[in-house]
Amino acid sequence: MTDPANRLRTGAQILWEALHREGVEVVFGYPGGAIMPAYDALLESPVKHVLVRHEQGAAHMADGYARASGKVGVAVATSGPGATNLVTGIATAMLDSVPMVCITGQVSSRVIGTDAFQETDITGVTLPITKHNYLVTHVDQIASTIREAFYVARSGRPGPVLVDITKDAQQAKTEPVYSEEPVRLRGYRPDHRAPREDLAKAAAMIDAAKRPVILAGHGIVKAEATALLGEFVAKTGIPVASTLLGLGGFPASHELALGMMGMHGEAWVNKAIQEADLLVALGMRFDDRVTGNLETYAVNAKKIHCELDPAEINKNVRVDLALVGDVKDTLASLLTLTTKTVRHGWLDRIGSLKGDSAVRDIQQMPHQDRLFAAHVMHDLWRITEGKALVVSDVGQHQMWEAQYYKHDYPRKLITSGGLGTMGFALPAAIGARFAKPDEEIWVVVGDGGFQMTACELSTAAQEGIKLNIAIINNGYLGMVRQWQQFFYDGRYSETPLRSPDFVKLAEAHGLTGLRVTKRDEVEGAVAQARATPGVVVIDFRVEQEDSVYPMVPAGADLHDMIRRPSPIVETAADE
Ligand SMILES: Cc1ncc(C[n+]2csc(CCOP(=O)(O)OP(=O)(O)O)c2C)c(N)n1
């Protein structure tokens with residue numbers, strides 16, 4: 001019999017043991033007063049800690065780790081400013097349904113509510129941007145709360161969960177109890193299954209449709225439903241349009257892959273959606289960036305919405321049939337219920353919608369030694385054979401990446417879709433590196449977004465990890481500049497951007513920096529980056545005032561696109 005006193009553990013020790021039991025191998029964090037007991041106990045834990053330079057980086061790293069691995073990512077911060085610095089990262093994960101657990105230290109329970117040093121009501125602050133959050137004030141609650149937090153984060157529609165633990169709860173001792181029972185929470189039903197009769201109705205609608213389009217979203221990737229979607233498409237012959245976060249959920253090289261839909265989607269994809277008589281939405285949420293004006297959105301189409309979260313049904317677009325459940329289960333059922341179909345007429349029509357898109361493509365235009373971002377993306381795709389994991393930031397470069405890096409595989413594109421968080425890419429890529437130690441990873445980032453979290457270069461250097469960073473440097477906050485060009489009479493208000501010498505910045509961190517100014521230098525630089533250990537930063541000096549085409553102006557009809565001017569003929573009908 002062990003002496004009961006020997007079985008006592010501090011809350012801090014219990015925290016790490018509970019994380020370890022959840023399978024956590026790595027956490028991303030930053031210490032401070034209210035979380036110091038946990039950091040002290042960390043020294044005896046097998047869990048690896050990555051010291052970030054700013055807590056926003058910790059949240060994005062946990063997010064990138066989660067997206068790359070499919071597991072729950074973990075970020076740790078102290079109370080007050082440490083916790084509030086996590087907020088942007090938590091909101092980013094919330095909008096993209098990323099499973100994440102954030103652990104924050106809180107002031108001692110007896111001073112809560114007194115405006116104690118570094119006290120912030122972080123559960124209050126994060127209430128609208130977490131799937132759930134907890135304030136833990138007693139040591140006995142720690143093990144069970146961590147277990148519950150992981151369950152909530154990963155079950156149903158995933159999302160971020162915050163656990164705020166007071167300093168006294170971390171310091172107090174108790175005899176820990178680690179439950180092995182499945183977690184059950186009153187009022188929380190994450191698992192849904194579409195009723196058999198609705199599945200049959202959907203199959204009949206699919207069989208009867210003449211001009212159907214599948215809208216494939218992030219849910220396909222999250223549910224690991226790529227293979228099933230492939231089988232479903234092979235059987236039903238329905239072409240697939242993807243959301244930004246759905247890219248890779250269906251191979252871009254497939255003959256029935258249409259490409260990306262929405263604001264910067266291909267013109268023929270949006271036109272096909274507008275001409276469709278049936279939309280089969282799979283794990284997507286009809287975000288305003290993909291629908292444009294709701295009044296005129298796919299008015300001729302019946303809509304089937306396959307979605308895990310009932311709250312999404314009829315939120316933006318009124319649908320004819322909702323199949324609430326795991327998209328993988330839904331697809332498996334639909335696969336057995338639908339009939340083998342070939343749709344030559346509809347595919348020919350979509351082919352004709354492509355019209356002169358090819359000649360409007362920047363790839364087809366003479367570049368006369370100018371370096372376009374699209375060239376960089378195209379070359380990167382070609383050289384890496386489309387197999388790299390790309391972590392893109394937010395702005396024009398993000399859209400060019402989506403258009404020109406053709407994703408054939410799931411979980412190979414990580415980007416902030418819903419919140420559009422600049423500064424996401426570098427830290428998210430660091431997180432992804434811990435999930436995928438052997439994959440080729442490229443960060444694609446603008447000169448603006450890079451400067452938001454460039455401090456994490458230091459984290460990458462300290463960890464000695466391999467990353468390639470392509471800065472698409474156009475000297476502007478490019479996407480905002482583009483909007484100013486199109487919609488504000490070209491009045492460039494606060495978008496020209498001065499940057500440090502990125503090559504020297506890399507070198508100052510003991511990393512490798514390269515600069516590329518011409519297209520024929522791209523290949524050599526990419527090859528050098530791939531062959532060089534550690535972090536390589538490439539400063540791609542691209543065309544400064546190029547724009548992303550096509551573009552559906554915010555709130556405009558989906559078919560009402562601004563197109564890249566055609567070098568051959570400009571037809572009014574296309575504008
Ligand atoms: C944190 C944050 N602040 C502001 C914005 C608004 N915003 C969207 S794109 C963009 C410009 C991005 O510039 P850059 O990083 O240089 O990339 P580019 O568009 O030039 O490729 C801005 C300011 C944002 N998305 N995120």
Side-chain angles (χ1 to χ4, degrees), residues 54-57 59-60 63 84-96 129 244-245 262-264 287-289 362 370-378 380 390-405 413-429 442-457 469-488 490-502 505 516 537-549 551 553-554:
H54 184 295
E55 291 86 350
Q56 180 183 351
H60 292 327
D63 179 322
T84 54
N85 274 352
L86 292 174
V87 165
T88 300
I90 296 173
T92 303
M94 183 70 178
L95 278 230
D96 288 348
I129 53 163
L244 172 66
L245 295 183
M263 183 174 271
H264 293 294
D287 178 83
D288 56 83
R289 285 297 190 261
I362 188 77
R370 290 149 80 201
L371 182 63
F372 286 89
H375 293 153
V376 179
M377 288 305 113
H378 177 82
L380 190 61
V390 184
V391 187
S392 63
D393 209 72
V394 172
Q396 291 182 310
H397 61 280
Q398 179 189 33
M399 294 299 123
W400 281 313
E401 193 286 336
Q403 293 177 342
Y404 291 98
Y405 197 103
L413 169 60
I414 293 179
T415 195
S416 165
L419 201 66
T421 305
M422 282 172 73
F424 171 80
L426 173 58
W442 279 86
V443 175
V444 172
V445 60
D447 39 334
F450 182 69
Q451 291 184 70
M452 281 203 167
T453 51
C455 56
E456 302 304 343
L457 273 183
I469 303 174
I471 303 179
I472 305 301
N473 183 356
N474 53 12
Y476 283 98
L477 296 174
M479 188 56 97
V480 180
R481 184 210 61 75
Q482 172 170 344
W483 283 51
Q484 289 171 339
Q485 178 190 334
F486 288 175
F487 313 119
Y488 291 85
R491 288 151 57 88
Y492 289 175
S493 173
E494 298 302 321
T495 43
L497 180 73
R498 183 167 186 242
S499 295
D501 181 328
F502 291 127
L505 187 71
V516 170
V537 177
I538 312 181
D539 179 15
F540 287 101
R541 294 287 178 89
V542 297
E543 214 30 44
Q544 292 208 299
E545 297 185 49
D546 193 20
S547 292
V548 182
Y549 297 98
M551 177 175 193

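Counting starts at 1 for both ligands and their atoms, in listed order.
Residues Ser547 and Gln485 share a closest heavy-atom pair of OG-OE1, 3.4 Å.
Residues that satisfy the ring pair (Phe, Tyr, Trp, His ring centres under 6.0 Å) test with Tyr404, not counting sequence neighbours, are absent from this structure. A search for side chain to side chain donor-acceptor pair (under 3.5 Å) contacts involving Thr453 returns nothing, not counting sequence neighbours. Tyr488 is linked by a ring pair (Phe, Tyr, Trp, His ring centres under 6.0 Å) to nothing, counting only residues two or more places apart in sequence or in another chain.
At distances below 3.5 Å, at least one donor-acceptor pair connects side-chain atoms of Gln482 with backbone N or O atoms of Val548.
Two residues are said to be in side-chain contact when any heavy atoms from C-beta on lie closer than 4.5 Å; Met479 and Met399 meet this criterion.
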Dump the pairs for me: ligand 1 N or O, protein N or O, distance under 3.5 Å, to 0.1 Å.
| from | atom 1 | to | atom 2 | distance (Å) |
| --- | --- | --- | --- | --- |
| ligand 1 | 15 (O) | Gly448 | N | 3.3 |
| ligand 1 | 15 (O) | Gly449 | N | 2.7 |
| ligand 1 | 16 (O) | Asp447 | N | 3.4 |
| ligand 1 | 16 (O) | Asp447 | OD1 | 3.0 |
| ligand 1 | 16 (O) | Gly448 | N | 2.9 |
| ligand 1 | 16 (O) | Tyr476 | O | 3.1 |
| ligand 1 | 17 (O) | His397 | ND1 | 3.4 |
| ligand 1 | 19 (O) | Gln396 | N | 2.8 |
| ligand 1 | 19 (O) | Gly478 | N | 3.4 |
| ligand 1 | 19 (O) | Met479 | N | 2.9 |
| ligand 1 | 20 (O) | Asn474 | OD1 | 3.3 |
| ligand 1 | 20 (O) | Asn474 | ND2 | 2.9 |
| ligand 1 | 20 (O) | Tyr476 | O | 3.4 |
| ligand 1 | 20 (O) | Gly478 | N | 2.8 |
| ligand 1 | 21 (O) | Gln396 | N | 3.3 |
| ligand 1 | 21 (O) | His397 | N | 3.0 |
| ligand 1 | 21 (O) | His397 | ND1 | 2.7 |
| ligand 1 | 25 (N) | Gly420 | O | 2.8 |
| ligand 1 | 26 (N) | Gly420 | O | 3.4 |
| ligand 1 | 26 (N) | Met422 | N | 3.3 |

